[in-house]
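No experiment lies behind these values; they were computed from the predicted model shown. Per chain, numbering begins at 1; letters A, B, ... match sequence-line order.
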Amino acid sequence: MPKDNEKNSIKKIICRCEEITEEEIREAIREGYTTIKSIKRRTRAGMGLCQGRTCSTLIRDIIAEMTGDKKEDILPDSVRPPLYPVELSVLGKKVNKE
Amino acid sequence: MERMREVELLVIGAGPAGLGAAIEASRYGVKVLLVDDKDKPGGQLFKQIHKFFGSKEHLAGTRGFDIGLHLLKEADSQGVEISLQTKVLGTMDKDVISLLVKEREMKLLKAKRIVLATGGIEKALSFPGWNLPGVMSAGAAQTLINIERVLPGERILMVGSGNVGLIISYQLLQAGADVVGIVEAGSSITGYLVHAGKVMRAGVPIYTSHTIKEARGGKSVEEVVITALDRRWNPIKGIEKTFSADTVCISVGLNPNGQLASLAGCEFKFFPELGGFLPLHDDNMESTKKGIYIAGDLSGIEEANSALDEGRLAGISVAASLGYIDSNRFAKLKEDYWDRLNKLRGGPFGHKRSIAKKKILLSSQQKEMRYQEIDCIELEENTKLKNYKSIPSLKEFQEFPGYPSLSRIKKGAVACIECIQEIPCDPCVAACPFKAININPYITDLPYLDENKCKGCGVCIASCPGQAIFVLNYNYSSEKAAISFPYEYLPYPKIGGKAVGVNRKGEPVAEVKIVKVDKRANFDKTAVITIACDKKYINQIRSIERIKDDA
């Protein structure tokens, strides 16, 4: 299984927003980045439009497979506002205190 | 200076949980603002075109979108203010919530209480080719067919045999697509077997101990490869199948959507039975952050009825905490909701969720205790039934209390209830005018057929959300028997016409004649078809091959 995994991982994209492949994630883990947060900083996986909604659980699975860590110990990434993309023109407008 | 608006209760998410919370809080006098990022309220309810399980309180037997309409009416009559296309961007400053309305306008407001009902997010599955156009989540396919009325493809492979995968496969068939197969990594079908039965009768193969290996194609999916898995979920070399397919639907579970709860500072823990990391809550649905309540899939992935009841519970808790309900009344109401929730979590399917929910309550009471240490919660394994990996054999079916005896079958028309798992559902009991069906004492118990009371009238057929009831008439004529079954595909077969009778696995058995197509209004779009066939097929034929609309 690991062999197959590695062969396929070169072209297999994990973070679709930032187009980060599984191999790039595995490389980061081999370099010692073994949390979702540090992998995000190292590779940009989870930094795109969807903010990791899709890929973070996939990354957790890869970390668990490679390090043997339990999934419950691989914490989710920290969340920061804004949760959705906002146009700068909207942010620049006077805020309506409804 | 303008004063910032302050609401008593802000409910975030207008699915069943959010609607439930908003309706109940309003009922007792709380001023509620309900926001949702979509352009329509209802969450996933309006995508659900199938009849729901549950009890009378849960409007069981009603189609999901009708339950949605019912809730919107209730919200309207309680005066709930709903703001749509409203995204919550976060909590900016102390207790100030920022909203983005219609992508154009930012609003800030304060809330005395918040109910987070942000739902779940479908889990992804990565495999070579998973980013080709044509690969989508099962929920996306459901939105396409049931909301946008667009077929995502003609030949579909479903990955995952949970209830979501089975129900959406069925709905894709109803929409006119072919489902080339359902793959399941585990060794047994994980959803209800009655849901599996619907797609199997339609001829869809379910491959257990299989997973998708690859999706191939130039510009979009053209073919898919599935592979067999050993007991440890490793692919077995050489056992592969290739299908021509244009769509792959992924239905491998959901994660609680905890981003806002995390931002608000709620404490999370990992509960795999409920979808992963989720915020802890007490028995009032209050999170570890005072004044912030959670409900629905955010507090653990379940289904719409539990979400609705959890939402209603959160709503009355908010009302009580603001002084709108006195403590005695609240205690009584709360007990009722827990009673309903415990019923929904009864039976073997709810067992794990029920234990996980108890762990959540314990964890929130004793925060220093890790949940592994309270693993020893005693909850009796409440089933004596065998765990079927797929639909059982006829012999096994005949042992269930809903299957009539051979001597009764020979006497003439009788219901045949092929409901073989303890799931929380009972509309068949109320449907029978002769009180011939009983589910006692728990709603998860199997239906028992009193074959002497049963007249074989067949009103129970359309009432069963699992489509597991048939009527067998051995004495239709001197040579022929008649079999009645539910049918929800268009076009309907024509009376007097011929069709191919199929067994429980969708395999053709014999040519049959359509003798009746009953579309009466209170069957709510489930037609009851009666076919005449050779008497020897009375225990075999359970449906007909879908009639393709080739006009």
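Contact between V86(A) and M106(B) at its shortest, heavy atoms only, is CG1-SD, 4.5 Å. When all heavy atoms of W130(B) and I14(A) are compared, the pair lying nearest together is CZ2-O, 3.5 Å. Between Q259(B) and L83(A), the shortest heavy-atom distance links the atoms CB-CD2, 4.2 Å. P81(A) and T91(B) make their closest contact through CG-O, 4.5 Å (heavy atoms, listed as atom of the first residue, atom of the second, distance). Taking all atoms of both residues into account, the shortest heavy-atom contact from D37(B) to Y84(A) is OD2-OH, 3.5 Å. The two residues P128(B) and K12(A) have their closest heavy-atom pair at N-CD, 3.6 Å.
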Legend entry - Check against side-chain contact (heavy atoms from CB on, under 4.5 Å), F277(B) and L75(A): CA-CA 8 Å; F277(B) 281 98; L75(A) 299 178; 3.9 Å; yes

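Heavy atoms of L260(B) lying under 4.5 Å from chain A belong to its backbone as well as its side chain. With a threshold of 4.5 angstrom between heavy atoms, N131(B) approaches chain A through its backbone and through its side chain. Neither the backbone nor the side chain of F268(B) comes within contact range of chain A, judged by heavy atoms closer than 4.5 Å.
The salt bridge (Lys or Arg N to Asp or Glu O under 4.0 Å) search around E222(B) returns none, not counting sequence neighbours.
Other residues, nucleotides and ligands contribute more than 12 heavy atoms inside 6.0 Å of the NZ atom of K241(B). The number of heavy-atom neighbours closer than 6.0 Å to CD of E27(A), taken from other residues, nucleotides and ligands shown, is above 12.
For residues 40-64 of chain A, the interface with chain B (any heavy-atom pair closer than 4.5 Å) comprises Q51(A), R53(A), T54(A), T57(A), L58(A), R60(A), sorted by residue number.
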